[in-house]
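The block underneath contains the structure these notes are about, expressed in structure tokens.
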There are 2 protein chains.
Amino acid sequence: MSVPYVCMNMKTAASDIAKPRLSAKRIIAAAAAVADRGGLDAVSMRTVAKQLGVEAMSLYYHVKNKEALLNALANWVVVQFYVPDSTKNWREEMHRSAASRRAVLTAHPWGIGMIESRGTAGMVVPRHHDAILGCLYSAFDVRMAAHAFSLLDAYIYGFILTEVNLPFAPGEGHETEMAVALDLDALPNMRRMVTELMVTGEYSYTAEFEIGLDLILDGLERFAHEGIAQSG
Amino acid sequence: MSVPYVCMNMKTAASDIAKPRLSAKRIIAAAAAVADRGGLDAVSMRTVAKQLGVEAMSLYYHVKNKEALLNALANWVVVQFYVPDSTKNWREEMHRSAASRRAVLTAHPWGIGMIESRGTAGMVVPRHHDAILGCLYSAFDVRMAAHAFSLLDAYIYGFILTEVNLPFAPGEGHETEMAVALDLDALPNMRRMVTELMVTGEYSYTAEFEIGLDLILDGLERFAHEGIAQSG
DNA sequence: ACCTGAACACCGTTCAAGT
DNA sequence: ACCTGAACACCGTTCAAGT
């Protein structure tokens, strides 16, 4: 009478380890794993299927096509972003939100190029934007919140975009690689920056990101209080 | 004895109109034309060849492979950017540089995703960066110029990235499309922004871009004069 | 020197067929 | 219901062959 018990255990174990059944969720997770390992170019219906020990055509029973899979993959990234809370301090929430996006997108460098490039199919990205906007409403009027949203969004994604696509990692003595890769002899201004700032080892992407973010946040506060007309 | 003259003329004319001979330059221009028409996904060795009235394999005599062609295409975009002059007013130069990049990249929306995504092969992008940095040196010390570069670069590319990838064009009464595409009923904060700002027709991407840019430039000037330690 | 045809290994996708 | 094999039209790329 212990037989059924054991059997069920074994069946469960087998279906968890060997072939736990296909599903949209598992397919998306597999696609993310493939992208983490080999970049977005490595993601094909065949490689994702192989990751799951299955044939490529099997995927089509669970996802409509590759386009739909990539949209789902973009959402898989965005749902990991921290969602700002409009009842808390807006500035701290913007910091938290920005840092979260940067953490997620540096962990999955293929994500940034996907979130913006595909026409944001689905509601995940819009809902995230809506939460950020709501948080900004707690500090600014609608017009100023629109400025703040545009500015913050552009800076955050722009910073992450360049950070993620750099051919070398910062710090850790990669300056020589950098010098070789860039032929710094022909770039006097960059050479000066590298030798005076980066070689000392004090350069940090995290610190740079925060400095820019704070400068923008300071500017937004000042802007909101002083009004627009002054820089003309 | 007029025969040779006529013949040469006809040969030249024929080779200019029908088959002007293949070259790397013509291949890159053809690739840009294909991308302008159908996006980056439409660029294949076969479509580019067809654009030139030639077979796909012919391209390999002039370009090493598709990777090299795409790198050349990225450079084709970047060389159109205005190069800031470090002897002129740095603020105006940053404006001009930013506006130029935005103009070029909105004219060729496939460009932005390419400049950052490929490891900036070649010296075109680094040289452009070097010129910007040199212009910033005319106003700031090295450390501050590095902050300014990082901030401006992130904002400019981030803004263009989101502008270029929006599923609808601004103004021109696209609000209803936007409402349908985004299901604004589920996005109260965005709905408020759209109804109060965009429907009035006063929203302009160019204006928004300039407002953010000026806020950053103001902040950089202030930052440089007051020093860093105050926001902690 | 410059272009091409045939061939190879890949890709997304469909559809009839298996269980 | 869920997975697969065969097939199709597309890729990038090589290489021997044409002129």
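Since the structure is predicted, the reported quantities are computational estimates derived from the model, not experimental observations. Below, read A as the first sequence line, B as the second, and so on, with proteins coming before strands; counting in each chain starts at 1.
- Between dC3(D), dC3(C), dG12(C), one nucleotide has an atom nearer to the side chain of Leu22(B) than all others, and that is dC3(C).
- As a whole-Å value, the separation of Lys66(A) NZ from dA9(D) P is 21 Å.
- In this structure a side-chain-to-backbone donor-acceptor pair under 3.5 Å is missing from Asp153(A) to Phe149(A).
- Without hydrogens or angle criteria, Tyr137(B) side chain to Asn189(A) main chain gives a donor-acceptor distance under 3.5 Å.
- Taking both residues in full, the closest heavy atoms of Arg191(B) and Leu184(B) are given as CD-O, 3.5 Å, listed atom of the first, atom of the second, then distance.
- For Arg192(A) (side chain) and Val142(B) (main-chain N/O), no donor-acceptor pair under 3.5 Å exists by modelled atom type.
- Distance Leu70(B) CG to dT13(D) C1': 15 Å, rounded to the nearest Å.
- Both distances falling under 3.5 Å, in either a Watson-Crick or a G-U wobble arrangement, place dA1(D) opposite dT19(C).
- Within residues 55-65 of chain B, the residues having any heavy atom under 4.0 Å from DNA chain D are, by residue number, Met57(B), Tyr60(B), Asn65(B).
- dA1(D) atom P lies 12 Å from atom CZ of Arg21(A), rounded to whole Å.
- Across all strands shown, the partner of dT13(D) is dA7(C), judged by Watson-Crick or G-U wobble contacts whose two distances both fall under 3.5 Å.
- With Thr47(A) contributing its side chain and Ala42(A) its backbone, the two residues share a donor-acceptor pair below 3.5 Å.
- When the C1' atom of dC11(C) is taken as reference, atom CG of Asp41(B) falls 13 Å away, rounded to whole Å.
- In terms of heavy-atom proximity, Ala56(A) sits nearest to Arg46(A) at CB-CG, 3.7 Å.
- Here dG12(C) is the nucleotide among dG12(C), dC3(D), dT13(D) with the atom lying nearest to any side-chain atom of Arg46(A).
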